[in-house]
Amino acid sequence: RAIMKAAKPDFIGFNYYNTATVEASDGSEVAGANGDQQSNQTFPGFAKSVDNPNLVKTEFGWEIDPVGFRATVREIYSRYRLPLLVTENGLGAYDTLTEDGKIHDNYRIEYLRQHIAQIQLAISDGVDMLGYNPWSAIDLISTHEGIRKRYGFIYVDRTDEEVGSLKRYRKDSFFWYKKVIAANGQDLSD
């Protein structure tokens with residue numbers, strides 16, 4: 001017990017996908033989520049989610065806010081003064097496999113490009129960043145949307161209804177992120 005009480009974390013890991021905008025609640029709303037874990041949260045008498053008209057949304061209704069990412073990184077660092085590790089950051093979308101076996105996911109590239117650029121600015125602000133892990137390497141089952149909500153750099157040939165061939169296809173974002181890694185984040189161009 002004394003060991004645990006004296007322990008100090010070495011770093012903080014966190015996930016970031018989007019911010020949320022709220023307004024005061026008049027108390028008449030029903031408590032809980034009217035959507036998924038990232039949207040339409042209601043706390044009667046306190047706050048309710050509202051759309052931010054200044055932000056675009058994903059196909060799934062999540063607001064895209066890379067500047068909010070930087071603000072979040074700065075706030076966490078200012079509170080705890082520990083190195084930060086982004087454990088998840090990514091964009092879920094309906095990716096389409098073309099007849100020639102390609103997945104053109106420029107929307108994912110743009111999302112990641114904007115968020116990585118904000119990390120670079122946060123580092124310039126003095127934030128100690130330990131690392132960044134985009135979500136995810138390969139398409140996987142989303143807890144709220146099944147396989148049709150794809151996050152990966154690698155497409156898996158399957159649907160929620162059929163297993164399919166399970167063949168893997170590298171998306172455009174795969175090749176883009178490979179280049180980003182090779183340049184240590186210094187080249188975010190296409």
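Keep in mind that the numbers below use all heavy atoms, side chains included, and drop hydrogens, waters and symmetry copies.
A donor-acceptor contact closer than 3.5 angstrom is absent between the side chains of Glu88 and Tyr16. In this model, no donor atom of one side chain and acceptor atom of the other lie less than 3.5 Å apart for Asn133 and Thr87. A donor atom on one side chain and an acceptor atom on the other are found under 3.5 Å apart for Tyr132 and Asn89. Donor-acceptor pairing under 3.5 Å is recorded for the side chains of Gln114 and Glu110.
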Candidate pair Asp190 and Arg113, rule side-chain contact (heavy atoms from CB on, under 4.5 Å), full reasoning: CA-CA 9 Å; Asp190 287 337; Arg113 179 191 345 266; 2.8 Å; yes
Verdict with reasoning, Arg74 to Asp125, per side-chain contact (heavy atoms from CB on, under 4.5 Å): CA-CA 8 Å; Arg74 288 171 48 120; Asp125 296 337; 2.7 Å; yes
Verdict with reasoning, Leu84 to Ile76, per side-chain contact (heavy atoms from CB on, under 4.5 Å): CA-CA 8 Å; Leu84 302 180; Ile76 294 171; 3.5 Å; yes
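With a 4.5 Å cut-off on side-chain heavy atoms, Asp65 and Tyr17 do not count as touching. Within the 4.5 Å cutoff, side-chain heavy atoms of Phe175 are placed close to those of Arg170. Counting heavy atoms from C-beta outward, Phe153 and Pro134 have side chains that approach closer than 4.5 Å. Contact annotation: the side chain of Arg150 approaches that of Lys171 to within less than 4.5 Å [non-hydrogen atoms, C-beta and beyond]. Counting heavy atoms from C-beta on, the side chains of Asp160 and Glu145 never come closer than 4.5 Å. The side-chain heavy atoms of Tyr77 and Ile12, taken from C-beta on, include no pair separated by under 4.5 Å. At a threshold of 4.5 Å between non-hydrogen side-chain atoms, the residues Ile119 and Arg70 do not count as touching.
Formation of a donor-acceptor pair under 3.5 Å by the Arg108 side chain with backbone atoms of Leu91 is found in this model. The backbone N or O of Arg79 sits nowhere less than 3.5 Å from a side-chain atom of Arg81 that would complete a donor-acceptor pair. A side-chain donor-acceptor contact under 3.5 Å links Trp176 to the backbone of Leu188. Within the 3.5 Å criterion, the main-chain N or O of Ser189 finds a donor-acceptor partner in the side chain of Asp187. Side chain of Ser25 to main chain of Gly45: a donor-acceptor pair is present (N/O by atom type, distance under 3.5 Å, no hydrogens or angles). Judged by distance alone, with hydrogens and angles left aside, the side-chain atoms of Asp105 form no donor-acceptor pair with the main-chain N or O of Tyr107 at under 3.5 Å. Gln118 places no side-chain N or O within donor-acceptor distance of the main-chain N or O of Ala71, the cut-off being under 3.5 Å. Listed for the Asp26 side chain is a donor-acceptor partner under 3.5 Å among the backbone atoms of Ser28.
Cluster membership for Tyr80 and Met129, using ILVMFWY side-chain heavy atoms within less than 4.5 angstrom, is shared. When hydrophobic clusters are built by joining Ile, Leu, Val, Met, Phe, Trp and Tyr residues whose side-chain heavy atoms come closer than 4.5 Å, directly or via intermediates, Tyr155 is not grouped with Phe174. Placement of Trp135 and Ile138 within a single hydrophobic cluster is found when ILVMFWY residues are connected by side-chain heavy-atom separations under 4.5 Å, directly or transitively. In the hydrophobic cluster analysis, where Ile, Leu, Val, Met, Phe, Trp and Tyr join through side-chain heavy atoms closer than 4.5 angstrom, Phe69 is grouped together with Ile123. Taking hydrophobic clusters as Ile, Leu, Val, Met, Phe, Trp and Tyr residues chained together by side-chain heavy-atom distances below 4.5 Å, Phe14 does not share a cluster with Leu121.
Heavy atoms only, all atoms of each residue included: Pro44 and Gly27 are closest at CB-O, 4.0 Å. Closest approach of Val50 to Glu63, counting heavy atoms only: O-OE2, 4.1 Å. Summarising the geometry of Asp95 relative to Ile103, their closest heavy-atom pair is CB-CG2, 3.8 Å, with the distance given to 0.1 Å.
Taking CG from Asp51 and CD from Glu23, the interatomic distance works out to 10.0 Å, rounded to the nearest 0.5 Å. One finds the CG atom of Leu130 at 5.5 Å from the CG atom of Leu85 (value rounded to the nearest 0.5 Å). Between the CG atom of Leu82 and the CG atom of Asp10 there is a distance of 8.0 Å, given to the nearest 0.5 Å. How far NE2 of His104 is from NZ of Lys102: 7.5 Å, rounded to the nearest 0.5 Å. Interatomic distance, Asp139 CG to Lys149 NZ, rounded to the nearest 0.5 Å: 12.5 Å. Atom OG1 in Thr19 sits 10.5 Å away from atom CD1 in Ile64 (nearest 0.5 Å).
Counting heavy-atom neighbours within 6.0 Å of Lys178 NZ, excluding the residue itself, gives a total of 12 or less.
Only one option out of Thr98, Asp157, Ile154 pairs with Tyr169 in a side-chain contact (heavy atoms from CB on, under 4.5 Å); it is Asp157.
Side-chain rings of Tyr94 and Phe60 approach one another, their centers coming within less than 6.0 Å.
Taking the six-membered ring for Trp and thresholds of 30 and 60 degrees, Trp62 and Tyr151 have ring planes inclined between 30 and 60 degrees apart.
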